Each structure stands twice: as C-alpha cells, then as structure tokens.
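Indexing begins at 1, ligand by ligand and atom by atom, following the structure's order. Quick note: numbers below take in every heavy atom, side chains included, and nothing from hydrogens, waters or symmetry partners. All values reported here derive from a predicted model rather than from experimental measurement.
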Amino acid sequence: MQVPLEKQLSEVLLKLQGYSVDSIEEVEYKGRKQIQVSIKSSLPLCCPICKTELPIYDTRTRYIYHASILGRAIVLNLKRRRVNCPRCGVKTEKQTIAENKKRHSKHLECCVLEHTVKLDNKSTANLLGLSPSTVYRIDKAGLIKLEEKLMENTPKMEHISIDEVAHKKYHHYATVLTNQEDSKVIDIYPGKSKESALALFKKYSDKLTWLETVAMDFSHSYISATKDYFAEHYIVFDRFHLSQYVNRCLEKVRREIQRDMPDDIRYIIKKHTRWLILRREHNMTQWHIDRLEQLKHDNEQLFEAYLIKEDLLSIFDKDVDRYAAKIMLTNWCNMASKSPYQAYRTLAKSIRNKIHILLNWFVKHITNAKAEAVNNIIKTLIRRAYGYKDFDYFRLKVLQRCGYLMKGLTHYN
Ligand SMILES: [Zn+2]
C-alpha cells in the first residue's frame with residue numbers, strides 16, 4: 001500500500017509518529033527565513049484524563065522549533081485539539097513533541113547538544129536557523145538536564161591527574177580533575193587552592209575507592225590536599241611538568257651566563273642555542289648534534305649547563321628501582337648544589353625536599369601527556385567562545401566536550 005505523502009513527510013522527514021502534515025510554507029520571522037509546517041495529530045481524539053472518545057471542541061495553536069533544512073528552521077505549527085469532557089471539563093490533548101512549556105522539541109535539543117560539542121553557539125545558530133541566544137538557552141538547559149546523570153556515567157578510577165587551568169583573564173583559575181585512563185575530564189571546580197582539590201575529592205569519593213595514583217605538577221596546594229585526603233605515596237609528579245620545570249631552570253642559567261658575555265658574542269650564541277639546549281638528547285638530529293659540538297667549542301659553560309640538565313632528566317628515562325633512583329638523584333643534587341649557578345642550586349634544594357614524592361615515579365610510571373591534551377582542548381574551547389562569563393556554563397561546556405556528560409547521547413538514535 002502506498003503511504004500518503006502527508007504521513008511520509010511527518011514520519012520520515014520530521015520523525016514525528018502519529019502526526020500528519022497539513023501545509024508547508026516559507027515565512028520570514030525577525031529577518032530569518034523559516035519553514036512553517038502545520039501538523040495535526042492523526043490519532044482518534046479522547047479526553048486525556050478519563051480516555052473517553054469525544055468530539056472536537058476547539059483547537060489551540062502552538063509553535064515549536066523542531067529542526068532545520070538548508071539553514072532554515074522548521075517551525076511546527078501544531079494544532080492541538082480540545083475536548084469538552086462531561087466529567088473532567090475542557091481539556092487539551094497531550095503532545096509528545098516538546099517538553100511541558102518549552103518552545104523547542106526534544107529532537108532539536110539533542111541536535112543543538114550534538115552540534116555545540118564541536119561548534120560555537122553562533123555557528124550552531126546559523127546552521128540550525130536559530131538565534132544565538134536561543135542556542136545558548138537550549139544548550140544550557142539541556143546540559144543542566146544531562147548533569148543529573150553525570151555521577152552515574154562517571155566510571156571508577158585508578159589513575160587520575162589534577163591540574164589548574166586559567167579560564168578567565170586576570171588570573172582566574174580552576175582546578176581540573178582528569179581520568180588518566182581515557183583522558184576525560186571528571187569535573188572542574190573554581191579556584192586552585194587546597195580547598196578546591198579537597199572539594200573535588202570529596203564529591204567523587206565513591207569513584208575513587210580503587211585509586212592508585214594522582215599525577216600533578218609541583219603545586220603545594222594539590223600536594224597538601226592529596227596528602228591529607230589520601231596519602232603521600234599516591235602522588236606522582238608528571239614528566240611533562242618536571243621537564244618544564246627543569247627547562248625553566250636551564251633558561252635562568254643561560255641568562256646568567258649570557259649576561260657576562262660581550263655584546264657581539266652574546267647575539268651569536270643566543271640565536272643558535274636557546275632552543276638547542278632545551279632539546280632532549282634523544283630528539284636530536286645530526287644537525288642538532290653538529291650544532292652542539294660547535295657550542296662545546298664556543299661556550300663551554302653553556303654546554304656544561306646543558307649536560308647537567310640532561311643528567312637529571314635522563315635519570316627519569318632509566319628503568320631502575322626506587323633505591324637506585326634515590327642514589328642517582330642524591331648524587332645529582334650534590335653535584336648541582338656545588339654549581340656556580342643559582343638556578344641549579346635552587347633546583348637541587350627543591351628536589352631534595354620532594355625526593356620521596358619524586359621517587360614514586362620509579363614505582364608507578366605515569367605520564368600526564370594525555371592531561372595536557374585535555375588542557376589544550378579547554379584552551380581552544382575558551383578561545384572559540386571568546387571566554388565565558390558564566391562559570392557554571394563553562395564547566396558544563398568542558399564536561400560536554402571532553403567529559404562524561406554526553407555519554408551515549410546521539411540524536412541519530
Ligand atoms: Zn474526561
């Protein structure tokens with residue numbers, strides 16, 4: 001049997017079961033082209049409360065944003081029939097397209113949520129033929145609704161990492177908790193203090209019962225929070241931040257050395273060596289090795305500073321146990337504390353202070369490279385939206401983009 005066109009339009013094109021299309025027309029509304037589709041229920045009419053079949057009393061019209069085609073929004077012009085039931089009074093028939101009093105359908109909500117994962121609100125608005133403020137409204141309301149299932153979607157975790165991210169100008173920071181296994185953001189909390197970290201640990205305490213490691217940088221507040229809430233042996237400093245920290249020391253040393261040079265030599269040395277000495281030995285090409293040979297000849301002090309850095313970082317590449325590593329690190333500290341450069345002496349001191357935590361690395365090899373990728377995604381997100389004024393919305397956006405908020409949600413279902 002041939003299915004009538006009205007039914008094909010509503011059921012296949014608009015994914016509306018139990019409705020038929022009366023008319024379709026293009027109209028202009030607030031400078032935007034829209035397609036208005038008049039639809040009505042094709043089911044027999046009955047009282048929504050007592051289910052008695054009754055004749056039609058009158059109709060009410062309701063506009064619902066539903067989808068988009070070629071950049072134009074499809075607005076449903078839904079005719080809702082009313083009945084005059086002798087027992088219950090005048091009642092309007094039920095509809096399943098949109099939630100209670102919302103002006104958009106459930107389908108559109110899923111559409112918006114899927115598009116705003118990768119697009120900014122303005123592009124989503126253009127694509128769906130809506131205004132940016134409508135997209136914002138639907139997006140935020142949808143995300144708040146999804147948040148109810150966040151705890152349920154979050155798995156139990158063994159390896160997590162904690163880091164800070166600047167989410168707004170003028171030093172506004174937030175603490176980000178990341179799952180190391182699938183590099184997804186668990187949650188975000190405003191501030192980068194000990195209290196922020198403790199609040200996150202408390203909130204997810206049920207999910208952290210099997211916890212083994214917490215990767216972090218050298219932040220005092222996170223170290224102290226982890227010590228208080230779990231124990232010191234959970235802390236692992238990640239390689240990325242360690243190299244960053246050591247490289248910063250090397251930069252200071254380089255500046256110290258170059259300060260005392262005559263101007264003409266300083267210029268030549270600076271041009272060649274700044275990035276050369278920061279490079280790890282195993283990442284060097286023949287060109288770099290030749291340059292390094294040259295440096296050894298030109299400036300022995302800088303070459304030595306480079307070797308001291310390599311000595312330290314190469315300890316963390318070795319597959320040794322805690323005790324062997326402790327000896328190596330202590331030896332390095334002894335050597336560096338005699339160094340003529342202030343930056344290395346300070347580094348040696350701080351390594352001595354944190355040596356018991358640093359040694360955890362040799363028991364549990366954890367890299368934070370994935371968490372850094374997450375940080376980049378967050379930064380892109382902020383840049384794309386030109387910053388967020390509303391912290392709650394920002395948090396939801398991060399959880400939507402790289403958290404557990406969107407788990408299992410797709411409007412193609
Ligand atoms: Zn009734």
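- Judged purely by distance below 3.5 Å, without hydrogens or angles, the side chains of Y63 and Q36 never pair a donor atom with an acceptor atom.
- Protein N/O/S atoms closer than 2.8 Å to the Zn ion (ligand 1): C47 SG, C50 SG, C85 SG, C88 SG.
- Ring centroid separation for the pair F201 and F230 comes in under the 6.0 Å cut-off.
- Under 3.5 Å, the side chains of Y222 and D163 contain no donor-acceptor pair of N or O atoms.
- Taking the six-membered ring for Trp, F391 and H167 have ring centres closer than 6.0 Å.
- Summarising the geometry of L359 relative to R322, their closest heavy-atom pair is CD2-O, 3.7 Å, with the distance given to 0.1 Å.
- Between the side chains of D120 and Y386, no donor-acceptor pair of N or O atoms lies under 3.5 Å.
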